[in-house]
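Note sheet for the following structure.
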Amino acid sequence: MPEEAGFPPAKRFRPGCGPPGGRVLMLLTAGSGSGGRRQQPALAQPAASPYPEAVERQRRSLPIFPARGQLLAQLRNLDSAVLIGETGSGKTTQLPQYLYEGGIGRQGVIAVTQPRRVAAISLATRVSDEKRTELGKLVGYTVRFDDVSSEDTRIKFLTDGMLLREAISDSLLRKYSCIILDEAHERTVHTDVLFGVVKAAQRRRKELRKLPLKVIVMSATMDVDLFSQYFNGASVLYLECRQHPIQVFYTKQPQQDYLHAALVSVFQIHQEAPSSQDILVFLTGQEEIEAVSKTCRDIAKHLPDGCPSMLVLPLYASLPYAQQLRVFQGAPKGCRKVIIATNIAETSITITGIKYVVDTGMVKAKKYNPDSGLEVLAVQRVSKTQAWQRAGRAGREDSGICYRLYTENEFEKFEKMTVPEIQRCNLASVLLQLLAMKVPNVLTFDFMSKPSPDHMQAAVAQLDLLGALERKDNQLTLTPIGRKMAAFPLEPKFAKTILLSPKFHCTEEILTIVSLLSVDSVLYNPPSRRDEVQAMRKKFLSSEGDHITLLNIYRTFKSLGGDKDWCRENFVNSRNMMLAAEVRAQLRDICLKMSMPMVSCRGDVESIRRCLAHSLFMSAAELQPDGTYTTTDSRQPVAIHPSSALFHCRPACVVYTELLHTSKCYMRDLCVVAAEWLYEAAPDYFRRKLRATRD
DNA sequence: GAGCACTGC
């Protein structure tokens, strides 16, 4: 059982973690101090407030408010700044308004980027409410499939991926006077690429004597040295924040079995704490979560009298939306909610009423192996920042308690920060986008955290195979095909598949398949109903592989007009299906803009398989005499994933869309092809491969 | 022979 380790830090921000001296450092304190207001420029505070009293009172009560004047005074004169403040400080909703009200950045649009769509939408809604304007006028948002902004929009919330896409058509980001990169500590690929793009735009605009671009990086963590250094020693502004104290307990001994330890902790808390206090448990994945949920429910049935009842709720991304929503509903009186979640509850979903966090210290995450060039999905230790993020989920409304199922000594050995995603993923898309922006010397692009040269080289090789690259004067540039590929919001290989499809007269079919592959799985697989699922799926299964199976499902779905009951009966995730339809429409639009012919091969499935063979030839595997498979590219042993339509078959030659390294190296989404099609697709490539095997 | 962290364009 976890035991108190005598470490109740009231705040995770300890003095002394700040940046080294030499830079402007402002301590903005919340609370009763009115220090900031004296310096407030006259312009910033209108004589008669346009806000109704309640909204105004609420805005004034935010921790950021007393610092308003100081903030504006500082930001007015800075090109770049880093603003540190916890969630709840009001920085994201207030800062853009302060800038606008203070007349900063009025010559253009103030952009605020977010890693997630829902955040961009809800923030824009909040801020436009506060400004008493119609959403899409003064305040708007732009996310994929949804643009609620206009000529009048001056404060625009967008996903970081969306701003990146805008940078392809205008790398100087001319419409923006100020770009606020929010949630920078999350270090998503998109934010990381934006850092470089925005920095370059800022410099270039200065050189060209155009409207200056103000860049503000907002982060929740104190580890800002990197941000500040990267933006030419930008000033760091600290926003002190109200935070509820969180008591942290460690186990006395390292735990062999974190699942068992989690169960013990949950029931220990359950027997001691008032039933109104909910528990959030962090585990690593769907299967584990479902298993632990079941055990919890079983144990809860046999508790002694007087013990409160327990409502156990699993939470992970592939759970149907309706079931996800249940975590927000209050439990009946006298009943405790126990939410068992993946890291989705670390950032994406915030649940109120959590008093206890049980942190196993484990997470399932992608790792990149530059030697093999493979992405591996593996259960591993969280980083310290991640552990603090999890603990913080206990103190959203009141003081909280976090049980860490590892010792303090173990914690000290955790990595300080999570490795930024850009160093853990395939860089082909990133490289293609940078090249589309005509970034000079892409291989030495100014990333905040540089990926290894091997890693970059692997992306170059992949784009090269797809025919996207050419070299001019020792510079990498895009071929006409490469430029077209960059227009699609897809992995480069899928963009290439679409571009090849007219040659095989199957553009309509390929659009469907690529759309289905680019959303989360439309196949819903509840582990407890495996047999039922298999029986229902049988009627769609194609012996030619998963792509054709998916096409069959989509066609049936469409012919029934997108029937939700049909989806439920057939274990099809209707949300993802609708999303795929939306993606398809978007991709089709892009094709039409390129004047691609919209052709269908109708019943001729072979053309589809030929098209896939021609675009995915570098992801192929051959059956060996011993019944196993080996990839043609790196002669790696691989297996057919159990979820595949081909799991029980042994075709001689397949292409796959994804390699997944778990207990084995699995191929996912397979299509049966003929070996000669592959040779036809890339004769030079296969000659090289053959030579390599002979040597 | 038996399994799928999380975002996003």
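Within every chain, numbering begins at 1; the chains are lettered A, B, ... in the order of the sequence lines, protein sequences first and strands thereafter.
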Review point. Which part of the nucleic acid, if any, lies within reach of A:Leu660 when heavy atoms closer than 4.0 Å are counted: base, sugar-phosphate only, or nothing?
Key: sugar-phosphate
Review point. 5'-most contact on DNA chain B: A:Leu490 or A:Asn343, nearest heavy atom basis?
Key: A:Asn343
Check your understanding: Given B:dG1, B:dC6, B:dG8, which nucleotide is nearest the side-chain atoms of A:Lys664?
Key -> B:dG1
Review point. Contact class for A:Val379 vs. all strands (heavy atom < 4.0 Å): base, sugar-phosphate, or nothing?
Key: nothing
Practice item. Examine B:dC6: is either OP1 or OP2 under 4.0 Å from a nitrogen or oxygen in the side chain of A:Thr342? Give yes or no. Key: yes
Point to revise | Pairs touching residues 644-655 of chain A that satisfy side-chain hydrogen bond (donor to acceptor under 3.5 Å, both in side chains), sequence neighbours left out | key: A:Asp546-A:Ser644
Review point. Would you call the rings of A:Tyr554 and A:Phe557 parallel, tilted or perpendicular if under 30° counts as parallel and over 60° as perpendicular?
Key: tilted
Review point. Separation of A:Arg668 atom CZ from B:dA2 atom P, in whole Å?
Key: 17 Å
Point to revise | Upstream residue (5' side of DNA chain B) when A:Gln586 and A:Gly285 are each assigned their closest nucleotide | key: A:Gly285
Check your understanding: How close or far is atom P of B:dA5 from atom CD of A:Glu658, stated in whole angstroms?
Key -> 11 Å
Practice item. May I have the distance from A:Ile422 (atom CD1) to B:dT7 (atom P), rounded to whole angstrom? Key: 20 Å
Study note, to complete from the structure: A:Tyr629 atom OH is separated from B:dA2 atom P, nearest whole Å, by 16 Å
Review point. Which of these nucleotides, B:dC9, B:dA5, B:dA2, is closest to any side-chain atom of A:Tyr666?
Key: B:dA2
Point to revise | Nearest-angstrom distance from the residue atom CD of A:Glu288 to P of B:dC6 | key: 12 Å
Check your understanding: Pairs in or reaching into residues 430-439 of chain A: which pass salt bridge (charged side-chain N to carboxylate O under 4.0 Å, His left out), with residues at least two apart or in two chains?
Key -> none
Review point. Out of B:dC9, B:dT7, B:dG1, which has the shortest distance to the side chain of A:His648?
Key: B:dG1
Check your understanding: With a 6.0 Å cut-off on ring centres, are A:Phe195 and A:Phe227 close enough?
Key -> yes
Practice item. May I ask you to say what A:Leu377 touches in the nucleic acid, namely base, sugar-phosphate or nothing, with a heavy-atom cut-off under 4.0 Å? Key: base
Practice item. Give A:Arg116 one of three labels, base, sugar-phosphate or nothing, depending on what nucleic acid heavy atoms sit under 4.0 Å from its own. Key: sugar-phosphate
Point to revise | Length of the CD-C1' vector between A:Gln114 and B:dC6, whole Å | key: 16 Å
Exercise for review: Report the nucleotide, chosen from B:dA2, B:dC9, B:dA5, that has the shortest atom-to-atom distance to any side-chain atom of A:Lys364.
Suggested key: B:dA5
Revision key, fill the gap. When rounded to whole Å, the CZ to C1' distance for the pair A:Arg187 and B:dG8 reads 17 Å
Check your understanding: Out of B:dC9, B:dA2, B:dT7, which has the shortest distance to the side chain of A:Ile344?
Key -> B:dT7
Check your understanding: So, A:Asn426 versus A:Glu491: side-chain donor-acceptor pair below 3.5 Å or not?
Key -> no
**Study point:** Phosphate OP1/OP2 of B:dG8 contacted by A:Thr188 side-chain N/O (<4.0 Å)
**Key:** no
Check your understanding: How close or far is atom P of B:dC6 from atom CG of A:Asp520, stated in whole angstroms?
Key -> 8 Å
Check your understanding: Base, sugar-phosphate alone, or nothing: which one does A:Ser643 contact when heavy atoms must sit under 4.0 Å apart?
Key -> base
Practice item. Taking atom CE of A:Met596 as the centre, report whether more than 12 heavy atoms of other residues, nucleotides or ligands fall under 6.0 Å from it. Key: yes
Review point. In terms of side-chain heavy atoms of A:Tyr316, which of B:dC6, B:dG1, B:dC9 is nearest?
Key: B:dC6
